[in-house]
Amino acid sequence: MNYNFRQIEAKWQQYWTKNQTFKVENDSDKPKFYALSMFPYPSGAGLHVGHPLGYIACDIYARYKRHKGYNVLHPMGYDSFGLPAEQYAIQTGQHPAITTETNIKRYREQLDQLGFSFDWSREVRTSNPRYYKWTQWVFIQLFNSWYNNQTDKAEPIESLIAIFEKEGNRSVNASCDDDTPVFLASEWNSFSEKQKQQVLLKYRLTYLADAEVNWCPALGTVLANDEIVNGVSERGGHPVIRKKMTQWMMRITAYAQRLLDGLDTIDWPQPLKDSQTNWIGRSEGASATFKVIPTGRNDEGSHQIEVFTTRPDTIFGASFMTLAPEHELVAKITTPAQKSEIDAYVEATSKRSERERMADVKTISGAFTGAYAEHPFTKAPIPIWIGDYVLANYGTGAVMAVPCGDQRDYDFAKHFDIDIPNIFDGVDISEEAFADKVNTLIANSDFLNGLRHKEATRKVIDELEKIGQGQGKINYRLRDAVFSRQRYWGEPFPVYYDADGMPQIIAEGHLPLELPEVEKYLPTETGEPPLGNATHWAWNAEANKVVANELIDHKTVFPLELNTMPGWAGSSQYFNRYMDPHNAAAIYSQEAIDYWQDVDLYIGGSEHATGHLLYSRFWQKFLFDRGVAPKDEFAKKLINQGMITGTSAFVYKDVAQNKVYSKALINGKHVNPIHADVSLIDSSDELDVEAFKKWRPDLSKAEFILENGKYIVGREIEKMSKSKYNVVNPDQICEDYGADSLRLYEMFLGPLEQSKPWNTAGITGVHSFLKKLWKLYLAVDDSEPTPDNLKTLHKTIKKVEEDIEHFSFNTSVSTFMICVNELTAQKCTSKAILGPLAILVSPYAPHIAEELWEIMGHTGSIANVSFPQLEGKYLVESTKAYPISFNGKMRFKLELPLDMAKADIEAAVMAHEQTAKYLDGRTPKKVIVVPGKIVNVVG
RNA sequence: GCCGAAGUGGCGGAAUUGGUAGACGCGCUGGAUUCAAAAUCCAGUGGUAGCAAUACCGUGUGGGUUCGAUUCCCACCUUCGGUACCA
C-alpha cells in the first residue's frame, strides 16, 4: 500500500470539518491557551508559499498545546477592509464587498487545503457590519473619554465635566490640545452648548482637529505616518504633500509613556520593541521660554517663543533661534524690512514636497525675521531666524540654537555667518560642533561654569523655574494619529453634525451604522470623500435612522460624517472579539474575556511593528482603563516569522544580437538579465527553452546558446513578487507532494524568525521522509519494543518537546528524520513505539498522523490524544566515547565508563597507545578532564 | 548617519550553559535494480596534498581572553531590515 497523500488529506480535512474537531468552548476544566496568527488581508492574488509560514508554526504550537492538555483557542479571520478592493471598484465599478467575498472564498480554499486546526466557527471579518459595529463602539468609548494625567488613566468625560462645573480647568492635569484655554467654573457654566463641546473636543481621546496631514493626491486620501515610506505612500509609491484638513484624531500621545513602559512586561522580539521605542521617541530635557523683544510694530503684542531642548545646560551657548517656517509667530514678529525675504522663503518651503525636503538634507537654507529674542539669563538679544531644518510638528517647532554643541545649528551658523560662542572648557570648535555630553565641563556660562552636563542640567532647570521661564520636560516624537480616511471601503464614523456643526455621536443602541451604497467610489466633484456620493446618508436624530440627504433640515435630520476609518481600526481589537465573536449585545462577554484573558502566542510579520502592534496596544490599554479588558497588554508573547524570499531566475540576452546565453557563457559579453518564470526551471537550474519561448514570444526567434546541451539560468534571491516571476503558490505543491510535505518543508527551511529563500528542489527530501514514515507502519504489530527502539523513541520525544517549546521547528523535522532512519534500520514494528511517534509527528504532519493512528486501530482523532511522556530511564548511558584532544585538537576517541573518576580517566588516557604517539616523547604540562564531556592533553 | 538582525561546505541549515565544527536534507559522484527511465536502495561527498594511513588549513576579516572559541571581549568589513534634519 502506497502513501496516497491526496486521498488521506482530503479524507481527514473532511473528517475535521464534519466532527468540528477544533471547535473550542469558552469554559473548560483545562487550562486555557490562546494561539493567534495575524489575520490576512484577502488580496486577489491569493496565498503564496510565504504566507503560511507563520500559520504553520502557530498551528504546530496550537496542536502541541492541545496534546498537552490545554483548551486551545486558535481562530482565523480576515482584515477585509482595504485599498485594493476599492481601487478595483474604482476601475470596474464592482462593489468592494463582492471582490472581498470572492477573495475570501479563495483564501479559505487555500487555507483549508493546508490542514490548519482553526476554529472556523469564530471567524471574524472586519468589513462585516456585525463586526464593525464594535469598532464603532470603541470609537464612541474613546470619544466619551479623557486622559487624566493625575490618575494616569482614561476616565469618562462626565468626570471632567463635573470638575469644570465646580472648579474650571485650572486644576485639571490632562492630555489635551496645546491651545486649550484656561477658564473658571463660572465661565464654563456660562459657555454656550457649542462652546462647551468645542472645549471638550480638546480633551476627548478621539477628537476633530485642523491637522497638518499627509495628503496623497493620487490616492485621494490622507495617510498616517506609518503608511508613508521614504516620503511616498506605502501602497503604490505615490507622492505625499502636507495639507491642513479637519480630521478625526486619536490621542495616542496620552499613552506614550505607558506604551513605552509596557514593553518591559511583554515577551516580544527586541528589534520590534526597539522600533516601537524609537517610534515613540522619548527625550528628556527642558522647555524654556524666550521673550521676543518688541520692535515697535503697532500690531505687535508681547510674544514669547517656547522651545524644547535636550541640552538646557548649553543655554549660554545659544546665539540664535530658529523657527519652523510654518510657526505661527513668523508672520507676527517679522520686521517690515525682512518681510519680503521671509514671505518668499515660507512660500518656497510650503511648495517643496516632503520627499524633496528629505532628498536634500545637505542644503542649508533659512531667512532672518529681523526680530530678536531676549536670552532668559544674559538678557542679550538673540536673532530669530526661520529654517526648514526645524520641523513644525516636533517639539514646539522652535529651536534654541546652540551652534557649538549641535552640528545642524553649527552648519546653519557657519552658512549665515552667525556668532558661535564656545561654552565648553578646553574644546576646539573651529571645525565642528561638540555634541559629547561627558568629556568636558561647561564654561563661559555664568552660574554653570565648571559643572558637568548632569549637574548643569539640574541647575539650569532650577534657575529657569525660579524666573518662571521654563521647566524640566519630557518630549515624545510620537504624534496623535490621524483617524480619518477619504475612502469608501472602511468603517463609517457613528457621527453626524448638528446645527452648530459640532459632531454628535449616534447612540450605541443604533449601531452599526452601515456603509451606504454609492454610484461611484471616487471623491465627489467638490472634493468630498466618496461617501459624499451617497444620496441616502443623513441622520434622523428622532427616528434614529439613516435617511435621504434631501431631508436634511439641521433640526432633526443632519448630515453624516463622510470620512471612514483607517485600515488599522478593525485590527486593533479583533483578538479580543474572537473570544466571543457572535455576541450581539457586547463587544465580548465578561465571562469570555475573564476566561481567555489575553493572547498567549501571537505570530505575524515584523512590518506591523509601528502600525497595528502599536495601535492595538493603545486600544487595549484604553479598554483596560475603562474596565472593558482585564489586561493592559493583549499579547504575552509575540514572534515575527521571517520572510520567505523568492529565487528569481534569469536568462541573459545579448544587447546587440538576438542571442540568449547560458549562464556560464556570459563572461565578457554585454548582456541584459531578463526574469524567467520560475515554473519553467527544473531543480538543476535548467530552463525549458521551448516553454520559455512560448511564454516570451518576443524571444521565440532568439538563438539560445547552450552549455553541455543545456540552458542554465542565473539565480538570485529577491522578494517574492509577481513582477519578478518568482512567486510559488502552495496549490501546486499540495497537488504534487501534499499539505503535510509542504508544512514540514516550510518548517525545515530554517529558523522561523529568519528570512530565507524558497527553493522547491528540497521538498523531495521531506516528501521521501513521509514515505519512509508510512512504510514503518505497514507491518505494525504488538511486538515488544527493544531497548534500541525505546532509546530512539525517547530521545526523539525529548528533543521534539524541547524544540517546540523553543519554537525551533526546523530542528525537530531533522529529529523526525533521524528517528525514522533509526527505526527503519532497527526494523521496528512495535505499536508501543510507532503509536507515540505518530502523536509526536501529528502537529507537524496532521493528515498522515491521523491515518496512521487509524491504521493502528484507534478510533477518533489523534488531535486530542495526550503527548507521549518522556521516560529518562531509556536514555541513561553507562559509557561515553570520550573525545581525546591534544592542545585542543581532537585526535581519537576512547570509550570509558561514565562513572569513572577524573584521576582514573586521566590514567586511562595516558596509558593509551595512541597518546604516546601524539605526545611524540613530550611530557604533558597538564591534562584537563571534564567528566562526561572531553579530555584535553596540553603540552 | 543612527538603531537592529545576520555572515558556517556547491545550497538550506545544525552544533540549546565555552568542550568531537559541518547533524538532517538538497545537490553532486559511484554502484545495485531496470530493456530504458522514473521511483527505490547502498556507498561516498568542507578544502589542499597523498594510492593510503595521515597531515595541514577551515565558521566574514584582524586582534584578545582560555587547556579549549562558530559560541565570550575589542576593532573592522559585507548583506539585509527599520528609521532619518527629532532640537
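Just so we're on the same page: letters track the sequence lines, and every chain starts at 1.
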Heavy-atom donor-acceptor pair, A:His806 side chain to A:Glu802 backbone, under 3.5 Å: yes
Rounded C1' spacing from B:G22 to B:U45 in Å: 12 Å
Please state whether the phosphate of B:G68, meaning OP1 or OP2, lies under 4.0 angstrom from any side-chain nitrogen or oxygen of A:Lys889. no
Minimum-distance nucleotide to A:Lys799 side chain [options: B:G19, B:U16, B:A15]: B:U16
Where each pair must be Watson-Crick or G-U wobble with both distances under 3.5 Å, what dot-bracket representation of RNA chain B is obtained, with crossing pairs in [ ] and other-strand partners as |? (((((((..(((......[....)))((((((.......))))))((((....))))..(((((..]....))))))))))))....
When rounded to whole Å, the NZ to P distance for the pair A:Lys827 and B:C41 reads 13 Å
A:Tyr737 and A:Thr760: side chain donor to acceptor below 3.5 Å: no
With the threshold set at under 4.0 Å for non-hydrogen atoms, list the residues of residues 313-320 of chain A touching RNA chain B in residue-number order. none
Measure from the side chain of A:Lys880, starting at C-beta and using heavy atoms only, and say which of B:G25, B:U20, B:A23 lies closest. B:U20
If I take atom CG in residue A:Asn887 and atom P in nucleotide B:C67, what distance separates them, rounded to the nearest angstrom? 12 Å
Looking only at side-chain N and O atoms, does A:Arg477 come under 4.0 Å of OP1 or OP2 in B:C2? no
Under 3.5 Å, is there a donor-acceptor pair linking the side chains of A:Ser648 and A:Asn726? yes
Should we count NE2 of A:His912 as having more than 12 external heavy atoms under 6.0 Å? yes
Rounded P spacing from B:C72 to B:U16 in Å: 11 Å
Mind checking the C1' distance from B:G46 to B:G58? Whole angstroms is fine. 8 Å
What is the nucleic acid contact for A:Asn821, judged by heavy atoms within less than 4.0 Å: base, sugar-phosphate only, or nothing? sugar-phosphate
B:A14 and B:U71, which share atom name C1', separated by this distance in whole Å: 14 Å
Is A:Ser283 near enough to B:A87 that one of its side-chain N or O atoms lies under 4.0 angstrom from OP1 or OP2? yes
Which one, B:G25, B:G13, B:C26, comes nearest to the side chain of A:Pro751? B:G13
Does A:Asn810 make a side-chain N or O approach to OP1 or OP2 of B:A14 shorter than 4.0 Å? yes
Counting side-chain heavy atoms from C-beta on, which of B:U16, B:A23, B:G27 comes nearest to A:Thr764? B:G27
Answer yes if the side chains of A:Thr253 and A:Tyr476 hold a donor-acceptor pair under 3.5 Å, and no otherwise. no
Side chains of A:Thr310 and A:Glu284, donor plus acceptor under 3.5 Å: no
Need to verify one output field. Residue with the more 5' nearest nucleotide on RNA chain B, A:Tyr918 or A:Ser768? A:Ser768
Is a side-chain donor-acceptor pair under 3.5 Å present for A:Ser287 with A:Gln471? yes
Please determine whether the number of non-hydrogen atoms from other residues, nucleotides or ligands lying under 6.0 Å from atom CD of A:Glu805 exceeds 12. yes
Given B:U40, is OP1 or OP2 found less than 4.0 Å from the side-chain N or O atoms of A:Tyr3? no
Say we look at B:C67 and B:A52: how far apart would their C1' atoms be, to the nearest angstrom? 33 Å
So if I take every side-chain heavy atom of A:Met890 and compare against B:G19, B:C26, B:U20, which nucleotide ends up nearest? B:U20
Closest to the side chain of A:Ile928, out of B:C41, B:C24, B:C67, is B:C67
Check whether any side-chain nitrogen or oxygen of A:Lys756 sits under 4.0 Å from OP1 or OP2 of B:G7, and answer yes or no. no
Does the side chain of A:Asn278 get closer than 4.0 angstrom to OP1 or OP2 of B:A84 through an N or O atom? no
Tell me what A:Asp274 touches on the nucleic acid: a base, only sugar-phosphate, or nothing, going by heavy atoms under 4.0 Å. sugar-phosphate
Separation between the P atoms of B:A38 and B:G30, rounded to whole Å: 13 Å
Could you tell me if the ring centre of A:Trp774 sits under 6.0 Å from that of A:Phe5? no
Nucleotide nearest A:Gln754 when distance is taken to its side chain, options B:G82, B:A6, B:C24: B:A6
Of the candidates B:A87, B:G19, B:U16, the side chain of A:Glu802 sits closest to B:U16
Is it the case that the ring center of A:His375 lies less than 6.0 angstrom away from the ring center of A:Phe316? yes
Remember a base hit wins even if backbone is also touched, and classify A:Arg282 as base, sugar-phosphate or nothing at under 4.0 Å, heavy atoms. nothing
Please determine, for the side chain of A:Arg891, which listed nucleotide (B:U20, B:U16, B:A55) has the closest atom? B:A55
Below 4.0 Å: OP1/OP2 of B:C86 and any side-chain N or O of A:Arg408: yes
Starting at atom NZ of A:Lys795, determine the distance to atom P of B:C24, rounded to an integer number of angstrom. 11 Å
Expressed in whole Å, how much space separates the P atoms belonging to B:U70 and B:G7? 14 Å
Take A:Pro271 and A:Gly765, find for each the nucleotide of RNA chain B with the closest heavy atom, and name the residue whose nucleotide sits nearer the 5' end. A:Pro271
Residues A:Asp803 and A:Thr811: side-chain donor-acceptor under 3.5 angstrom: yes
Determine the interatomic distance between C1' on B:G9 and the same-named atom on B:C24; round to the nearest Å. 15 Å
Under 4.0 Å: is that the gap between some side-chain N or O of A:Lys926 and OP1 or OP2 of B:C67? yes
Can you say whether a donor on the side chain of A:Lys893 sits under 3.5 Å from an acceptor on the base of B:U20, or the other way round? yes
Heavy atoms from C-beta onward define the side chain here; which of B:G12, B:C3, B:G25 lies closest to that of A:Pro757? B:G12
Mind telling me whether B:G64 is syn or anti, cutoff 90° either side of 0? anti
Does the side chain of A:Trp268 come within less than 4.5 Å of A:Asn640's, by heavy atoms? no
What's the CH2-P distance between A:Trp385 and B:C85, to the nearest Å? 22 Å
Check: A:Gln469/A:Thr289 side-chain N/O donor and acceptor closer than 3.5 Å: no
